[in-house]
Amino acid sequence: MSTTSPRVLYWSRTDLRTHDSPALHAALSLQPPPARATRGARAVLPRLFEEWRITHLVFEKDTDSYAAERDKEIVELAKEAGVEVVVETGRTLWDPEEVVKAHGGKPTMSLSAFMKATKTLSDPSEPLPVPDSLPDPGELTLSFENEKPSDDYDLNEVHRCSHPDESYVGIRGPKDDFSVPTLEELGIPEPSVTTPHRGGESIALKNLADLLENKEYIATFQKPQTPPTAFEPASTTLLSPHLHFGSLSVRKFLYDVQRATEAYSGPKKASQPPTNLPGQLYFRDMYFAAQHAIGPAFAGTVGNPTTRYIPWHLPSSIPPSPTTPYTIDSPTAHAWFLRWAWGITGFPFVDALMRQLRQEGWIHHLGRHMVACFLTRGGAYVDWERGAEVFAELLLDHEPACNAGNWMWLSCTAFFAQYYRCYSPVAFGKKWDKSGDFVRRYVPELAAFPDKYIYEPHLAPEETQKKAGCVVKPLEEGILPDLGVAHAPPPPPGGDLLPLKSQHLGEKYYPSPMFDFAERRDFCIARMKEAYKAGLHGDDPRVLDGKARDELFGGLDDPDSNGDETGGGQEKDGSTLKRKRTSGSNAQGNLSGWLKKGRKD
DNA sequence: CGCCAGTTGGCCGG
DNA sequence: CCGGCCAACTGGCG
Ligand SMILES: Cc1cc2nc3c(=O)[nH]c(=O)nc-3n(C[C@H](O)[C@H](O)[C@H](O)COP(=O)(O)OP(=O)(O)OC[C@H]3O[C@@H](n4cnc5c(N)ncnc54)[C@H](O)[C@@H]3O)c2cc1C
């Protein structure tokens with residue numbers, strides 16, 4: 001091999017994007033990684049540069065904060081090794097950096113502003129053709145090995161049947177040919193895979209091609225009119241996981257859709273942004289650009305100038321703390337949060353959506369609206385960051401910018417402000433699915449209930465409940481502590497939570513509603529109004545030092561002071577929202593435990 | 001400052 | 001199935 005011909009290392013990455021969590025960064029500041037990395041990209045790449053006499057390193061630009069920080073280090077290491085670095089943008093239609101520049105350095109907070117900014121930029125480039133062949137890399141000797149992972153940081157522990165140490169496959173992979181290991185080779189047995197959705201480029205391209213066959217569907221797509229209750233098939237493209245993992249190019253998606261739309265000659269009018277399919281891709285880009293303008297603070301409230309401060313229940317600790325990620329100001333609200341996360345709220349539509357999310361890793365956009373509104377401004381009044389953490393763990397398409405951005409939208413803390421428009425778990429479900437097929441599919445214990453009661457089974461007469469084979473009664477004590485953390489990966493550790501079974505007689509039951517929805521909605525809207533009046537944002541000094549809550553919002557109603565049914569431990573907490581130094585989820589195993597297990601590169 | 005548009009609410013009356 | 005009301009928010013722009 002000649003020393004003058006280039007030796008190019010293409011670094012293909014799939015990051016664990018949960019690493020953008022502020023709590024993780026707090027954890028790392030307490031326990032910094034060793035100055036000289038012993039494993040991961042920081043350790044392996046410099047050695048490969050040397051051993052393979054690399055002249056160029058090529059990778060795709062990533063603007064998420066975890067990746068951006070790491071990539072900065074890698075670029076430094078490459079420079080030291082005399083390796084030239086080539087970085088290309090490919091994850092989004094436009095480079096977030098350029099969009100922000102075109103928008104005067106400000107975050108893009110509305111789609112119209114985003115579209116105006118991108119008008120001044122050149123169109124996204126056409127997707128590139130698939131290469132006919134790849135150069136032969138020659139013999140790839142390897143005189144070193146990645147240090148084996150310790151089990152301190154194993155996100156997948158609950159899924160594994162062997163110690164990560166045993167299943168670790170090394171840099172060359174299990175077949176010694178640098179190929180990607182299978183799940184089995186990683187020590188994860190197939191039955192733990194509960195989702196019907198499958199990854200990979202072949203599947204992504206086939207799914208896109210199938211959708212493009214129906215030109216009318218593509219050309220007239222109107223997002224707000226697509227039912228969130230459709231399943232097999234879903235009413236939207238379900239291509240989001242492929243965009244996330246890179247198994248589908250967002251530029252190919254855009255240009256193929258545009259071509260199919262031009263080719264459509266039917267009677268209907270083509271839809272326009274923001275509701276058409278390109279509009280959906282613009283929203284995605286808009287969140288990436290907004291995130292880029294704000295930086296790591298985009299993942300939460302503290303330090304985020306564009307997001308409103310609201311004195312939610314279960315607020316993130318200030319400063320971020322790995323051992324106490326959030327404060328349990330109200331045990332009742334904590335019980336609501338756990339019940340939401342595991343799909344046992346007693347509101348069938350919410351529960352069906354949360355169970356679909358946990359089992360399959362994807363729910364429709366309007367389903368996400370329903371459950372996000374319900375957890376935050378339209379029901380439980382819980383911090384949107386708690387919801388975002390659960391989504392981050394359960395979504396196949398988890399994308400930090402889109403997740404945080406949409407949670408801010410739904411909680412009316414940024415992007416959207418009409419907090420008096422509130423989703424009802426009964427009315428919104430009925431609007432799309434009168435007979436409740438979606439609920440019957442994902443909450444099968446209710447399958448035999450008559451249509452009339454499918455969204456409110458607790459209103460069914462006892463006789464009807466018995467006939468349907470499932471009684472409705474308050475959630476029994478003692479279930480919540482067994483659930484683990486709310487964002488634990490599926491399936492529940494210890495097996496079958498659902499359907500709930502009465503501890504006494506072992507009979508199947510469905511829980512009655514965890515609160516009076518109308519009462520909670522009115523409560524939330526009133527509180528949102530107050531918080532809007534106070535007008536604090538995430539960068540306010542009173543938010544940064546953690547005093548805003550007590551100083552401005554003390555002496556407010558607390559769910560623990562009335563007799564709401566929770567199914568969790570009821571604990572009188574006084575009438576003020578005092579910050580209690582209870583650990584975020586100590587009783588259930590906590591975020592720090594999860595983080596300790598989650599670190600890998 | 002005032003105006004207007006903003007993907008996707010619920011409810012009641014016709 | 002549609003339209004108006006509810007009570008009223010923001011960002012972006014002139
Ligand atoms: C609380 C909440 C959290 C969310 N978290 C994520 C997330 O982590 N990752 C994610 O990709 N989307 C997220 N979304 C946005 C949206 O729900 C999903 O992108 C969409 O449901 C994916 O399904 P689809 O591919 O069938 O979408 P389609 O309707 O077919 O749209 C095509 C593509 O456009 C993009 N897109 C569509 N809507 C949005 C949107 N509102 N924001 C950003 N991109 C969008 C997606 O990449 C999607 O694949 C979230 C929405 C909410 C309300």
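Each chain gets a letter, A, B and so on, in the order the sequences are listed, and its residues count up from 1. In what follows, every heavy atom counts, from backbone to side chain, and hydrogens, waters and symmetry copies are set aside.
- Checking B:dC11, C:dG11, C:dC9 against the side-chain heavy atoms of A:Tyr419 singles out C:dC9 as nearest.
- Distance CZ (A:Phe415) to P (C:dG11): 11 Å, rounded to an integer number of Å.
- Here A:Ser424 lies in heavy-atom contact (under 4.0 Å) with sugar-phosphate atoms only.
- Salt-bridge check for A:Asp210 with A:Lys206: passed, with a basic side-chain N closer than 4.0 Å to an acidic carboxylate O.
- Inter-residue side-chain proximity for A:Asn406 and A:Phe415 is flagged as unmet; no heavy-atom pair is nearer than 4.5 Å.
- One finds a side-chain N or O of A:Arg308 lying less than 4.0 angstrom from the OP1 or OP2 phosphate oxygen of C:dT10.
- For B:dG9, the base has no donor-acceptor partner in the side chain of A:Gln418 [N/O atoms by modelled type, under 3.5 angstrom].
- As a whole-Å value, the separation of A:Phe114 CZ from B:dG6 P is 17 Å.
- A:Glu456 is not listed as a side-chain neighbour of A:Tyr453, based on a closest heavy-atom distance of 4.5 Å or more.
- The interatomic distance linking A:Met408 (CE) with C:dT10 (C1') rounds to 15 Å, in whole Å.
- For the pair A:Lys434 and A:Asp451, the salt-bridge criterion is not met [side-chain N within less than 4.0 Å of a carboxylate O].
- Residue A:Tyr532 has its side chain nearest to C:dC9 when only B:dT7, B:dC11, C:dC9 are considered.
- Residue A:Lys529 has no polar side-chain atom (N or O) positioned under 4.0 Å from OP1 or OP2 of C:dC9.
- We find that CZ of A:Phe283 is positioned 10 Å from C1' of B:dT8, with the value rounded to whole Å.
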Nucleotide pairing, DNA chain C (Watson-Crick or G-U, distances under 3.5 Å), in dot-bracket with [ ] and |: ||||||..||||||
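- Nucleotides B:dG13 and C:dA7 have their P atoms positioned 15 Å apart, rounded to a whole Å.
- A:Tyr419 and A:Tyr532 have their aromatic ring centers within a separation under 6.0 angstrom.
- Residue A:Lys430 contributes atom NZ, which lies 12 Å from atom P of B:dC12 at whole-angstrom precision.
- Only the C1' atoms considered, B:dC4 is 14 Å distant from C:dA8, to the nearest whole Å.
- Residues A:Cys470 and A:Phe449 have side chains in contact (heavy-atom distance under 4.5 Å, counting atoms from C-beta outward).
- Note on A:Trp432: nothing from the nucleic acid sits closer than 4.0 angstrom, heavy atoms only.
- Between B:dG10 and C:dT10, the distance separating the two P atoms is 22 Å to the nearest Å.
- Electrostatic pairing of A:Arg441 and A:Asp433 does not count as a salt bridge here, judged by no charged N lying under 4.0 Å from a carboxylate O.
- Rounded to whole Å, the distance from CG on A:Leu366 to P on B:dG10 is 10 Å.
- For the pair A:Phe416 and C:dC9, the ring geometry does not qualify as stacking, because the centroid separation below 5.5 Å and plane angle under 30° are not jointly satisfied.
- Note: CD (A:Gln222) to P (B:dT7) measures 14 Å, nearest angstrom.
- Ranking C:dT10, C:dG12, B:dT7 by closeness to the A:Leu111 side chain, first place goes to B:dT7.
- A salt bridge does not link A:Arg91 with A:Glu60: every distance from a Lys NZ or Arg NE/NH1/NH2 to an Asp or Glu carboxylate oxygen is 4.0 Å or more.
- For C:dA7, its base never sits under 3.5 Å from the side chain of A:Tyr420 at any donor and acceptor pair.
- For the pair A:Phe428 CZ and B:dC11 P, the computed distance is 13 Å after rounding to whole Å.
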